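In what follows, a structure is listed as structure tokens, so that the remarks can point back to it.
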2 protein chains.
Amino acid sequence: MQLYGYWRSSASYRVRIALHIKDIDFDYRAVHLVKDGGEQKSAAYAKLNPAQLVPTLVDGDLVLNQSLAIIEYLDSLAGPLLVPQDPKQAAIVRMLAHDMASDLQPITNLRVLQYVTGTLDAGDAGRQAWIAHWVARAFAAFEVRLKQYSGRYCVGDNVTLADICLVPQVYNAKRFDVDFTPYPTLMQVYENLQALEAFQKAAPERQADAV
Amino acid sequence: MQLYGYWRSSASYRVRIALHIKDIDFDYRAVHLVKDGGEQKSAAYAKLNPAQLVPTLVDGDLVLNQSLAIIEYLDSLAGPLLVPQDPKQAAIVRMLAHDMASDLQPITNLRVLQYVTGTLDAGDAGRQAWIAHWVARAFAAFEVRLKQYSGRYCVGDNVTLADICLVPQVYNAKRFDVDFTPYPTLMQVYENLQALEAFQKAAPERQADAV
């Protein structure tokens with residue numbers, strides 16, 4: 001398998017975690033999202049992924065974008081399962097995963113921040129306020145849900161897709177000096193996850209393209 | 001089951017389509033996202049869904065937010081399947097679903113538009129440009145993917161989760177006068193879906209809370 005990704009991309013980070021949890025070998029192909037206006041906009045990459053976003057996973061003739069679709073596919077290939085088989089438990093895991101991957105990440109990713117600071121001319125202060133606003137809303141709600149569902153990890157004591165979506169968002173929030181005091185449960189789960197080897201191997205700083 | 005939703009919410013619209021496809025009875029509970037500053041911010045609703053977003057599905061003691069998690073749960077209860085059982089086909093369906101549900105909808109939903117026009121003071125023209133920018137990027141990529149995967153619908157000739165995610169985004173784009181000329185495949189699939197009774201029953205204008 002080949003994973004096209006970027007060290008700081010949350011969605012690439014998620015797929016790396018899943019591949020390491022499942023101990024699946026893969027070639028990591030760095031796509032630099034900033035250099036030369038963004039390598040993801042090159043003709044070669046756009047042919048692979050017309051949305052010009054990362055990650056893209058290539059497995060033989062199957063070319064997949066969308067990190068959550070990729071991870072559910074990996075779940076069909078090798079254990080341990082990241083989405084439980086029980087439908088109600090699966091629903092809770094997917095719901096928490098989407099709280100991070102759909103309600104927070106897309107609004108605060110690089111291309112949106114570039115539009116806010118560039119086209120809308122909001123400046124660095126405007127960017128900071130934008131991130132603080134959306135992170136606070138998402139994390140406050142997540143803290144409430146974790147009080148209901150968490151054990152050692154987001155849903156009980158097994159690592160799931162929800163954990164894989166949480167960690168990259170905390171990593172991002174740390175870059176922007178978010179105050180984590182209101183989210184003690186979330187931060188405890190995050191610390192528990194950071195102790196796991198798969199999460200450590202997938203960390204942005206550990207990738208070949210890290211600056 | 002009770003579905004808390006709003007007639008114009010894309011995510012509520014998705015769940016309505018799925019419930020009608022599966023012919024599952026449900027009580028529709030309208031949550032007005034604009035009136036009185038937004039009923040989703042009421043204490044009663046926030047208790048049900050701390051993210052203060054719609055939809056929320058209640059099935060006995062199971063309380064689910066996140067439309068895609070809800071629809072995958074519904075898939076476990078009753079046919080026809082909206083995510084195929086074959087892992088590769090499932091991955092393609094989920095990938096296309098996320099192209100709409102993760103890469104487009106979260107950036108162009110009501111709360112983000114309110115922030116862009118309000119806090120960032122971009123005005124109506126800024127809002128229009130924002131929507132046009134993100135819709136064009138998402139639809140152009142989706143058009144390319146549909147040329148590879150579509151038949152009568154997004155993926156072959158069976159209705160899937162991808163179709164359920166596409167239709168509400170076209171509905172939204174129509175509200176904002178998007179030019180659909182560059183997306184003939186997408187629009188043909190959309191027209192094919194609009195002919196189906198489940199999609200007609202779920203349409204925003206057909207809901208009790210439509211204005």
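Quick caveat: nothing in here was measured; it's all calculated off a predicted structure. Just so we're on the same page: letters track the sequence lines, and every chain starts at 1.
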Is [X] close to chain B through its backbone or its side chain, or both, or neither, when contacts mean heavy atoms under 4.5 Å?
| X | answer |
| --- | --- |
| A/L53 | side chain |
| A/V93 | neither |
| A/D86 | neither |
| A/A51 | both |
| A/L62 | side chain |

Within a 6.0 Å radius of atom CG on A/D27, are there more than 12 heavy atoms belonging to other residues, nucleotides or ligands? yes
Taking CG in B/D157 as the centre, count heavy atoms belonging to other residues, nucleotides or ligands within less than 6.0 Å. Is the count above 12?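 Yes - once you tally the heavy atoms of other residues, nucleotides and ligands closer than 6.0 Å, there are more than 12.
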Non-hydrogen atoms of chain A under 4.5 Å away: do they reach the side chain of B/F142, the backbone, both or neither?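 Nothing of B/F142, per the 4.5 Å heavy-atom cut-off to chain A.
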Nearest 0.5 Å, what's the [atom1]-[atom2] distance between [X] and [Y]?
| X | Y | atom1 | atom2 | answer |
| --- | --- | --- | --- | --- |
| B/K88 | A/L77 | NZ | CG | 8.5 Å |
| B/M95 | A/I70 | CE | CD1 | 9.0 Å |
| B/N65 | A/L96 | CG | CG | 7.5 Å |

Close side-chain approach of A/Q66 to B/I92, heavy-atom, < 4.5 Å: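 In short, these two side chains do not touch, never coming nearer than 4.5 Å.
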Sub-4.5 Å heavy-atom contacts with chain B: which residues of residues 117-141 of chain A show up? A/L120, A/A122, A/A129, A/W130, A/H133, A/W134, A/R137, A/A141
Residue-level interface, [range] with chain A, non-hydrogen cut-off under 4.5 Å:
| range | answer |
| --- | --- |
| residues 105-114 of chain B | B/P106, B/I107, B/R111, B/V112 |
| residues 162-189 of chain B | none |
| residues 97-104 of chain B | B/H98, B/D99, B/S102, B/D103 |

Comparing A/P50, A/A90, A/A69 against chain B, the one with the most heavy-atom pairs below 4.5 Å turns out to be A/P50
To check you understand the geometry: which heavy-atom pair defines the closest contact between B/P87 and A/Y73, and what is its length?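 Where B/P87 meets A/Y73 most closely, the heavy atoms are O-CD1, 3.8 Å.
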